[in-house]
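Below is one structure, written out as structure tokens; comments come after it.
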2 protein chains.
Amino acid sequence: MTWTLVQLWNGGVTTRMPVAERRAQLVEAALSIAAAEGVRAVTVRRVAERAGVALGVVHYCFADKDELLGALATRIVDDLTGAAADAALEPGDGPDLRAALEVAVLGAWALIEKTAGEQLLTYEITTHALRTPGLRGVAERQYAASQAAAERLLGLAAEASGASWQRPLADLAAEALAFVDGVTLRWLADGDGPAARARLSSFAGYLATQAAVPDRPPRRRRKAAP
Amino acid sequence: MTWTLVQLWNGGVTTRMPVAERRAQLVEAALSIAAAEGVRAVTVRRVAERAGVALGVVHYCFADKDELLGALATRIVDDLTGAAADAALEPGDGPDLRAALEVAVLGAWALIEKTAGEQLLTYEITTHALRTPGLRGVAERQYAASQAAAERLLGLAAEASGASWQRPLADLAAEALAFVDGVTLRWLADGDGPAARARLSSFAGYLATQAAVPDRPPRRRRKAAP
DNA sequence: GTCTATAGTTGGATAGAC
DNA sequence: GTCTATCCAACTATAGAC
């Protein structure tokens, strides 16, 4: 057997660790592998190797591989939701709804474009979950989180320009989400960033037609806390 | 070794077959497995078993598993493109562009809704191809075919109602494709057909605002902001 | 040219050591 | 409670028979 770097660092002796901490470490290892090489590359063996622990440790922490992948999916959802929340903190300001929406949508896109591997990974997790009986519910949770983030973003954009949506926010958020999803997937396939941005910009224009801007002056948002 | 049904049918003797025909048979077997259980379930062994041939036959017909999956991807693209072409043959008729678009889009959707397994499979193939160096180009070809089908459908819908698009058809088709892709993926996850149709109907309304009808001015949802 | 039999690798899971 | 050593099932690929 060859020693991993972590084990060598610990003097050749594997450190014992409470199971909760170990699980987090293993999920982290799984994430780094999956983002770089896809879910297919996430094997129990490679996760153990990456984390610097013996093979069986993974099976001690997770009942089976599916449970590990479920934990990985949760981790990703939290990740993206958190990032989206950060993006929602800085929506476009000013009286022009169309401009505010463009800033919001393209801001979200900037985040997506920086994390191509993770984005591709979310699609992989979705399809994998839909094919795996033990992972029922993962895809639903993914969309529930994204939907909430989209609603928050659209709500803030409208608020910033004093506009009000003429249709249920949930419907508009769902449509925006679908569009961004489709644009992202195609971008992953053809790598055409400018085309993707143009499509998103066009969609922002459509969204702007779904709100009414009253004559009273827009309410300006408070600046985000430091 | 256990005999497969096909081998028993042939009297226990495996029939010899020209390689081209064999390849088609194997791709067919791979498709039936993939549509039902996902790409993950497509192994060289199972394809051979499903086709009723020995394991090595697959490796005789295809250099390696990637080549088999590439052939499978091509088969799927042809399949869907052909189906889309059939759908495009019956676009909505009449002077109302919005209605024609709704018929066209919901017609395409009816096709999608009937083939959930195949639809999920296309997303799996896309992500799989994007992660597999040997399958570079598969995802691009997938989108090229879909794009062409979408352009054809939108072109016919406009033609049927005597309208003309005010923006490049390629751009509109790409946007429609992205939207349908996103809606489909979410539908696969949550199974909410009515919600999906409502989103598509809404998008048809947006598309209708992107064309001009010669006899009458294009219908605008709202007055543009000053 | 077509197919069979077999090799060699990698995977998920577990019994039991510490 | 935490981890090690081991098992065996399933996979891809090939050498060579017919």
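Chain letters run A, B, ... following the sequence lines, proteins first, then strands; residues in each count from 1.
- When the C1' atom of D:dG1 is taken as reference, atom CD of A:Glu21 falls 15 Å away, rounded to whole Å.
- Proximity of B:Thr126 to A:Tyr123: side-chain heavy atoms (C-beta onward) are nowhere separated by under 4.5 Å.
- Donor-acceptor pairing under 3.5 Å is recorded for the side chains of B:Glu175 and A:Ser202.
- Summarising the geometry, the separation between CG on A:Leu26 and P on D:dT2 is reported as 13 Å, rounded to the nearest angstrom.
- Between the side chains of A:Glu151 and A:Gln147, a donor-acceptor pair is found at a separation under 3.5 Å.
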Next on the checklist: Please determine whether side chain to side chain contact (heavy atoms under 4.5 Å, CB included) holds for the pair A:Arg199 and A:Arg186, giving the CA-CA distance in whole Å, both sets of side-chain angles, and the decisive distance to 0.1 Å.
Outcome noted: CA-CA 11 Å; A:Arg199 283 160 202 157; A:Arg186 180 160 190 173; 3.8 Å; yes
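- Under the salt bridge (Lys or Arg N to Asp or Glu O under 4.0 Å) criterion, B:Glu140 pairs with no residue, sequence neighbours left out.
- The C1' atoms of five pairs define one axis at each end of the helix from C:dG1-D:dC18 to C:dC18-D:dG1, and these two axes lie 0° apart (to 10°).
- Rounded to an integer number of Å, the gap from B:Ile33 CD1 to D:dA10 P is 15 Å.
- Using modelled atom types and a 3.5 Å distance limit, the side chains of B:Ser201 and B:Glu102 yield a donor-acceptor pair.
- In terms of position along DNA chain C, the nucleotide closest to B:Cys61 lies nearer the 5' end than the nucleotide closest to the other residue of the pair A:Val57 and B:Cys61.
- At D:dT2, one or more side-chain N or O atoms of A:Tyr60 fall inside 4.0 Å of OP1 or OP2 (strictly under the cut-off).
- Distance CZ (B:Arg40) to P (D:dT12): 14 Å, rounded to an integer number of Å.
- Taking atom CZ of residue A:Phe62 and atom C1' of nucleotide C:dT14, one finds them 18 Å apart after rounding to whole Å.
- Taken from CG in A:Leu72 to CG in A:Leu26, the straight-line distance is 11.5 Å, to the nearest 0.5 Å.
- When all heavy atoms of B:Ala189 and A:Leu130 are compared, the pair lying nearest together is CA-CD2, 3.8 Å.
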Every protein N/O within reach of nucleotides 9-13 of chain C N/O, cut-off under 3.5 Å:
unit_1	atom_1	unit_2	atom_2	d
C:dG11	N7	A:Arg45	NH1	3.2
C:dG12	OP1	A:Lys65	NZ	3.1
C:dG12	OP2	A:Val44	N	2.9
C:dG12	N7	A:Arg45	NH1	3.4
C:dG12	O6	A:Arg45	NH1	2.8
C:dA13	OP2	A:His59	NE2	3.3
C:dA13	OP2	A:Lys65	N	3.2
C:dA13	N7	A:His59	ND1	3.4

